[in-house]
Number of protein chains: 2
Amino acid sequence: MGRDGLLGSFEELVLLAVARAGGEGYGMTVRREIEARTGREVTIGAVYATLDRLEAKGLLSSHLTDGDAGRGGRARRIFRIERAGVDALATARETRAGLWEGVDLADLGGRVEGSR
Amino acid sequence: MGRDGLLGSFEELVLLAVARAGGEGYGMTVRREIEARTGREVTIGAVYATLDRLEAKGLLSSHLTDGDAGRGGRARRIFRIERAGVDALATARETRAGLWEGVDLADLGGRVEGSR
DNA sequence: GAAATGATTTCTACAATGTAGAAACTAGTG
DNA sequence: CACTAGTTTCTACATTGTAGAAATCATTTC
């Protein structure tokens with residue numbers, strides 16, 4: 001993401017998955033959401049590494065649930081989206097909308113065929 | 001991008017800049033387009049590295065102009081978007097549309113404030 | 001009560017992408 | 001010829017993307 005507040009593509013995906021879940025979720029939830037929405041399999045390691053990085057940037061925060069882990073398992077680590085995270089998503093969406101404005105892929109497709 | 005045909009965020013930006021230019025452009029053109037549209041400064045090295053990677057993936061092709069380089073300067077290297085590139089953009093757009101569907105950031109903002 | 005099971009997080013490592021900066025090339029110009 | 005302008009290439013490093021296996025801990029099973 002560099003100096004700017006720009007999100008990488010997978011970072012956006014993960015942040016969006018938390019947002020979709022109402023602003024809160026834990027690792028496995030996020031993973032399932034991503035797989036369900038994109039049809040793409042991701043490993044749990046990839047998800048956590050990204051969640052950690054987003055937390056380090058202040059876009060998410062996390063805390064452990066004490067006890068109510070339900071049936072079996074370790075305590076859950078709940079991630080919550082922060083204001084900065086919501087803002088980052090909003091910015092990403094707006095910036096992209098501007099970039100795509102006026103782009104006509106169908107038209108482009110035609111030119112590609114006929115060229116050279 | 002890994003095994004899948006997924007674009008990184010800067011890759012998408014560069015590919016889109018070529019698309020905006022009617023499917024053809026060279027390094028400096030792309031750079032200016034990106035700076036104009038995003039307000040963000042990018043170095044020319046970053047642009048070329050990405051153009052090369054997109055070409056290696058078959059999303060763009062390139063050829064050198066012979067001579068008509070105008071006043072001063074090396075021969076231009078023209079990049080043209082390929083069908084696979086158009087498809088990659090279309091896929092990126094659709095996938096993202098699905099991910100964002102139903103997300104209400106304003107609503108989320110409210111929850112973030114009041115939490116904990 | 002020890003071992004198996006299930007749900008989840010953590011750790012480690014490496015590949016791919018993002019980004020910067022300077023060098024090199026080429027054609028005009030004074 | 002030295003200089004300037006427009007452009008590409010090269011090199012290097014930081015950040016992000018991704019995988020896979022190990023570690024934790026509550027519950028069930030024998």
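So that the names make sense, note that chain A is the first sequence line, chain B the second, and so on, each numbered from 1. We use all heavy atoms of the structure for the numbers below, so side chains are in, but hydrogens, waters and symmetry mates are not. What you see is a predicted model; the values in this text were computed from it and never measured.
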Just grab all the salt bridge (Lys or Arg N to Asp or Glu O under 4.0 Å) pairs involving residues 12-21 of chain A, residues at least two apart or on different chains. A/Glu12-A/Arg96, A/Arg20-A/Glu33
Which heavy atom in A/Arg37 sits nearest to a heavy atom in B/Leu99, and how many Å separate them? CB-CD2, 3.6 Å
Take the protein atom CD of A/Glu41 and the nucleotide atom P of D/dG20, then report the distance between them rounded to whole Å. 10 Å
Would you please confirm or rule out a distance under 4.0 Å between OP1 or OP2 of D/dG17 and any side-chain N or O of A/Ser9? yes
Return whichever of A/Glu12 or A/Gly45 has its heavy-atom-nearest nucleotide of DNA chain D closer to the 5' end. A/Glu12
Just how far, in rounded Å, is C1' of D/dA19 from CG of A/Leu51? 16 Å
Figure out the CZ/P separation between A/Phe10 and C/dA16, and round it to whole Å. 16 Å
Return the minimal non-hydrogen interatomic distance between A/Thr43 and A/Arg31, and the atom names on each side. CA-NH2, 4.2 Å
Calculate the interatomic distance between B/Leu6 atom CG and D/dA19 atom P; express it in whole Å. 11 Å
Does one side chain, of A/Ser61 or A/Arg80, offer a donor that lies under 3.5 Å from an acceptor on the other? no
Please determine if a side-chain N or O atom of B/Arg40 lies less than 4.0 Å away from the OP1 or OP2 oxygen of C/dG18. no
Step by step, work out the side chain to side chain contact (heavy atoms under 4.5 Å, CB included) result for B/Ile44 and B/Met28. CA-CA 7 Å; B/Ile44 190 64; B/Met28 300 306 271; 3.4 Å; yes
Quick one, A/Arg77 with A/Tyr26, criterion side chain to side chain donor-acceptor pair (under 3.5 Å). Give me CA distance, side-chain angles, the key distance, then yes/no. CA-CA 6 Å; A/Arg77 184 172 164 208; A/Tyr26 59 103; over 6 Å; no
Looking at the base of D/dG17, is there any donor atom on it, or on the side chain of A/Arg53, that sits under 3.5 Å from an acceptor on the other one? yes
Residues from residues 25-34 of chain B lying under 4.0 Å of DNA chain D - heavy atoms: B/Tyr26, B/Gly27, B/Met28, B/Arg32
With a 3.5 Å cut-off and no angle check, do the side chains of B/Glu11 and B/Thr50 form a donor-acceptor pair? no
Specify the separation, in whole Å, of atom CD1 of B/Ile44 and atom P of C/dG18. 16 Å
Integer-rounded Å distance: C/dG18 P and A/Glu11 CD: 11 Å
Taking CZ from B/Arg74 and P from C/dA23, how many angstroms apart are they, rounded to a whole number? 15 Å
Between C1' on C/dT26 and CG on B/Leu64, what's the gap in Å once rounded to a whole number? 13 Å
Give a yes/no on whether any side-chain N or O of B/Arg76 is located under 4.0 angstrom from OP1 or OP2 of C/dT26. no
